[in-house]
Each structure stands twice: as structure tokens, then as C-alpha cells.
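Proteins come first, then strands; the chains are lettered A, B, ... in the order of their sequence lines, and each starts at number 1. Bear in mind the structure is a predicted one, so any value in this text is a computation, not a measurement. Atom set for the values below is all heavy atoms of this structure, side chains included, hydrogens, waters and symmetry mates excluded.
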Amino acid sequence: MRAKLVMGAENLLAFATLAVVVARAVNIAHG
Amino acid sequence: VFVAALLIIVGQAWVAHSLALRPVWVFPLISTVLLVASIAIYERSETPGAVARALSRALIGVLVIANAASLVALVHGVFVGSALGPPGLLVAGLALWIVNLAVFALLYWELDGGGPRVAGRRLRGALPRSRLSAAAGRSAGHRPADLEAELLRLRLRLAHQRRSPSRRPTSCRIR
């Protein structure tokens, strides 16, 4: 149960970070 | 593990510095103090006690909160504006993602707490003595569990050999 909660928190942070990184990359690519 | 924690703190400090998270020194300072305290307790005793465990969990908690704060700063920098240029923000985001992976790897290491062998030993220690002795009494009249498993494995192999045509004698296949 505890490990599942931790995995959820990790995924939340990791996906949010990746989403921001991808948004920035797309923004750079569009100029 | 301590070296990994130190690397994570350095990475977080760099991300916080590049994202202009003010004040930059708060999270690295708290993390470093907790790390030094953990090392001091670890050096004093062989087995980690409750205090050492609480310290390492607090350290990881601070690292996770610092990561979340850096993420908020990154989102602010990307959508509102930042002193960093677009490539700088991209690199900061990637660094934050890698640091995040490392922090949670450390947390899983801590949760695992020595692996399944130690967890089993802890579980056995938690069982009341009366239940342990009752279980020992029950199993005294039976075969040990590994012998049962071996017997089952042999029976399965025999059944498989009977079913498999390649193992049958030639006369059997001709018929």
C-alpha cells in the first residue's frame, strides 16, 4: 500500500515535469 | 547511499539555482544537515535504529518537497516567464526529472529496508512466541515443506514424461 502511494507520487511529479519539458521543447521547435 | 544522497542534494541545488528559487540555500541546507546527522548515527551503531530510520525518511521527505517546489518554479518559468532562456529551461526541466528519479529510487531503497530476507526476519520477530511454538508443534508430525515441494516436482516430471510422445519407447510410437 505504502509503495503504491509512493509510486503514485513519483509518477505525478515525473509526468508533470516531462509535460513541462515537452511543452518547452515544442515551443522552442516552433520558434 | 550517502554519496547518492549527496549527489541528489547537489543536483537539486543546481536546479534551484538555475530556476532562481528564492532562497536557494534553504532546501540544500536542511537536506545536508539531515544527511550529516544520518551519517553520524550510522557511524555510531552497526544496525540502523528508529532514529536513523526517522532521519533518513525526513531527509527523503525534504528532497521530495524540494523537488515539488522546483517543479512549481519550472512551471512558473515556462508559462509566466523566467530569466533563463528556452534552452536553459529545457535543461533545467530535464535535470529536475533525473533528480526526481534519483530521489524516488532512494525512497524505494529506504522502503525496501534491507530486502525480503530482513523483512521476513522482522515479520518472524513480530509474531508472538505462543503462535510460533504452536506452529512448530503442528509441523513436527509432518514432512518438511521443502521435501513436499521436491515430491511434487518429481510427480510433475513423471506425469510430463508419461504425456510427452518423444519420451515413449519406439514401439509405442509405431503403434
Exercise. Measuring heavy-atom distances to chain A, does Leu107(B) have an atom under 4.5 Å in its side chain, in its backbone, in both, or in neither?
Worked result: side chain
Connected via hydrophobic side-chain network under 4.5 Å: [X] and [Y]:
X	Y	value
Val26(B)	Leu6(B)	yes
Leu19(B)	Val72(B)	no
Phe2(B)	Phe27(B)	yes
Val22(A)	Phe79(B)	no

For this session: Tell me, for Ile28(A) versus chain B, whether the close heavy atoms (under 4.5 Å) come from the side chain, the backbone, both or neither.
Result: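 For Ile28(A), the contact with chain B is made by the side chain alone.
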Problem set entry | Selection from Asn27(A), Leu12(A), Val20(A), Val6(A) maximising heavy-atom pairs under 4.5 Å formed with chain B | Val6(A)
For this session: Identify which of Ala3(A), Ala23(A), Ala14(A) forms the greatest number of heavy-atom pairs closer than 4.5 Å to chain B.
Result: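 When all of Ala3(A), Ala23(A), Ala14(A) are compared, Ala14(A) has the most.
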Exercise. Does anything in residues 84-92 of chain B get under 4.5 Å of chain A by heavy atoms, and if so which residues?
Worked result: Pro86(B), Pro87(B), Leu89(B), Leu90(B)
Exercise. Taking only residues two or more places apart in sequence, or in another chain, which ones meet Leu5(A) in a side-chain contact (heavy atoms from CB on, under 4.5 Å)?
Worked result: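 Checked Leu5(A) against side-chain contact (heavy atoms from CB on, under 4.5 Å); zero matches.
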Exercise. Strictly by modelled atom types, are Glu10(A) and Asn100(B) linked by a side-chain donor-acceptor pair under 3.5 Å?
Worked result: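 There is no such pair between these side chains.
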For this session: Please determine, among Val75(B), Leu101(B), Val78(B), the option with the most heavy-atom pairs under 4.5 Å with chain A.
Result: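 With the most close heavy-atom pairs to chain A, the winner is Val78(B).
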Exercise. Within the side chain of Gln12(B), is there an N or O that forms a donor-acceptor pair under 3.5 Å with the backbone of Leu63(B)?
Worked result: yes
Problem set entry | Residue Phe15(A) excluded, over 12 heavy atoms near CZ under 6.0 Å | no
